[in-house]
Amino acid sequence: MRVLFTVFPGPSHLPPVVPLAWALQAAGHEVVLAGHPRMAERISRAGLPAVALGEQEDLAASVRACAADSRLDGITDPLGLGPEDEPRRIWIRNYLLSSFSHYYLTEQTGAVERPMTDELVAFARDWRPDLVIWDPLFYPAPIAARACGAAHARLLWGPDHIGWARARLAELSAGPGEAPRDVMAELMAPVLAKFGCDFDEELLLGQFSLDPVLPALRLPVDLPYVQMQQVPYSGGHILPEWLRKPPARPRVCLTLGMSQGRPDAEGKNLVKGLLDAVADLDVEVIATLTEGQRETAGVIPDNVRTADYVPFSHLMPSCSALVHHGGGGTFAVAVAHGVPQLIAPREVDDHTIAALVADSGAGLVVDQELISATTLRAQLVSILEEPRFREGAAALRDQMRAAPSPNDIVPRLEKLTAQHRTEA
């Protein structure tokens, strides 16, 4: 069969796709990955065929437009989220809905010029995929699948907040009193009309969803999910010489993403605090720092090696601990190799991941508001010296490995495709 993957234009959204695309390709299926132009080279470097469609995108502008668009309040406000759910509301309102805004609302309501949707629909009608697998933020994909009669499924990369929000709206609509407006469906209507589509839940949630999330991180949503093992992918690379040899001392990986190196309003700096914390420890620290993070970190201790990029899939097996902000991709690599974690979370999903790590005994959590070199040092020493943390990390690793691998689920995808595919 022919399988079309659609990739959201963010570098971190490609790694979850690659192992499944390889598995389908290895099983003899024809695979193509489509995305915005800047993703094409990344896709091809993964050894997969790329199709560049649409225009160059400005994700930062989409987030700003989303934050300023009062129409989107009509999507989150009816969910009835209380103060304790404010992080989730902000996450849905200002992050997940930014892609919705990008594909549906970047122009005034009623306008239907959407280069990516137009070109993806045209490609799907020409190439005729049997199955479309789409990033949950890539909303043109289900329209293209419907236009060519393909089966289609989301490939999740974290907790299913959109599925949760739609289930919550359905629950409120079925309850007593006046049903809330479905503003999301209303705002989609002009673009859907252009392609002859009537709104239904499949255009937001897929016909089924592939879910690599650990059971403890899943939200209570009753949708057709296909459980799949998350297989970390770090891209192609040449291994540095130092990484080919076992470390002489316990090795600690430090990575904080692209936005954690700026000092806060009080002049503190998370990267500097972390480096100060490890300066006198008998460990080898591998710190993946951006240029800006290195500039604000001050003097780099002698036991710290800095690098712009290190392939985590090869680095993590040699590590005794990982210090990071709680991002899903970094977390998955650590879990896959049974590495204990020290997490300083920032976003709602980061806090969810941090709570799982702490509750499972696989590591510790530090509050970014209360962070200090003394606290960080004490927590890292505990992780390195107490066997319970490696035991907890091994238990999480075993949970991940219990799920079917991408290779294992290929036969099920073949059956589901035959079940859902139609003649357009």
Side-chain angles (χ1 to χ4, degrees), residues 232 234 237 239-257 260-261 268-291 293-327 330-345 353-354 357-358 360-368 370-397:
S234 296
H237 44 261
L239 293 182
E241 184 177 356
W242 62 264
L243 189 52
R244 303 174 205 165
K245 304 174 183 178
R249 298 180 288 177
R251 178 173 284 166
V252 177
C253 174
L254 165 62
T255 181
L256 295 170
Q260 293 295 310
K268 297 177 182 176
N269 184 277
L270 181 56
V271 173
K272 186 177 187 307
L274 287 165
L275 296 184
D276 289 345
V278 302
D280 65 342
L281 293 179
D282 187 23
V283 297
E284 175 194 20
V285 178
I286 309 299
T288 60
L289 303 178
T290 65
E291 182 178 350
Q293 288 169 343
R294 282 195 298 272
E295 289 175 354
T296 60
V299 177
I300 304 297
D302 292 339
N303 62 343
V304 175
R305 182 192 299 272
T306 65
D308 289 323
Y309 170 78
V310 180
F312 281 179
S313 292
H314 289 276
L315 172 63
M316 212 56 62
S318 68
C319 287
S320 299
L322 166 68
V323 183
H324 68 120
H325 64 281
T330 308
F331 162 79
V333 181
V335 171
H337 296 286
V339 178
Q341 305 174 51
L342 174 59
I343 302 180
I353 285 171
V357 168
S360 62
L364 295 171
V365 179
V366 57
D367 187 338
Q368 288 201 19
L370 304 175
I371 204 165
S372 71
T374 302
T375 302
L376 288 167
R377 186 185 188 284
Q379 290 187 312
L380 182 56
V381 168
S382 293
I383 288 174
L384 291 171
E385 293 183 353
E386 297 180 31
R388 63 188 176 97
F389 292 110
R390 188 156 291 276
E391 292 168 2
L396 276 187
R397 179 196 60 208

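- One distance of note links CZ of Arg244 with OG of Ser318; it measures 14.0 Å at 0.5 Å rounding.
- Aromatic ring pairs are classed by plane angle as parallel below 30°, tilted from 30° to 60° and perpendicular above 60°; the pair His237 and His314 is perpendicular.
- Pairing each heavy atom of Ser320 with each of Val339, the nearest pair is C-CG1, 4.2 Å.
- In this structure, the side chains of Leu342 and Phe389 stay at 4.5 Å or more apart for every pair of heavy atoms.
- Side-chain atoms of Val365 and Pro345, non-hydrogen and from C-beta on, do get closer than 4.5 Å to each other.
- Rounding to the nearest 0.5 Å places CG of Leu364 at 8.0 Å from CD of Glu386.
- For the pair Gln341 and Ile383, the tightest heavy-atom approach, listed with the atom from each and the gap, is O-CD1, 3.5 Å.
- Closest of all the heavy-atom pairs between Ile353 and Ile343 is CG2-CD1, 4.2 Å.
- Contact record, Gly338 with Arg390: O-NH1, 3.4 Å, taken as the closest heavy-atom pair.
- Using a 4.5 Å cut-off on side-chain heavy atoms (C-beta onward), Val323 and Gln379 make no contact.
- Looking at heavy atoms from C-beta onward, Val283 lies in side-chain contact with Asn303 at the 4.5 angstrom threshold.
- Within the 4.5 Å cutoff, side-chain heavy atoms of Cys253 are placed close to those of Phe312.
- With rounding to the nearest 0.5 angstrom, the CG atom of Leu289 is 6.0 Å from the OG1 atom of Thr306.
- Closest of all the heavy-atom pairs between Arg251 and Lys245 is NH2-O, 4.2 Å.
- Scanning for side-chain hydrogen bond (donor to acceptor under 3.5 Å, both in side chains) contacts around Ser313 gives Ser234, with sequence neighbours left out.
- No side-chain heavy atom of Leu315 sits under 4.5 Å from any side-chain heavy atom of Val333.
- Listed for the Ser382 side chain is a donor-acceptor partner under 3.5 Å among the backbone atoms of Ala378.
- Legend: salt bridge (Lys or Arg N to Asp or Glu O under 4.0 Å) pairs involving residues 298-326, not counting sequence neighbours, sorted by first then second residue: Arg294-Asp308.
- A distance of 9.5 Å separates CD of Glu385 from CG of Leu380, quoted to the nearest 0.5 Å.
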* I would like to know whether His324 and Thr288 meet side-chain contact (heavy atoms from CB on, under 4.5 Å); could you show each step before the answer? => CA-CA 10 Å; His324 68 120; Thr288 60; over 6 Å; no
* Any chance you could lay out the side-chain contact (heavy atoms from CB on, under 4.5 Å) test for Arg249 and Leu281, step after step, and finish with the verdict? => CA-CA 10 Å; Arg249 298 180 288 177; Leu281 293 179; over 6 Å; no
* **From CA spacing to verdict: side-chain contact (heavy atoms from CB on, under 4.5 Å), Val252, Leu384** => CA-CA 9 Å; Val252 177; Leu384 291 171; 4.2 Å; yes
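- With rounding to the nearest 0.5 angstrom, the CG atom of Leu254 is 6.0 Å from the CG atom of Leu275.
- Counting all heavy atoms, side chain and backbone alike, Pro232 lies closest to Ala336 at CG-CB, 3.8 Å.
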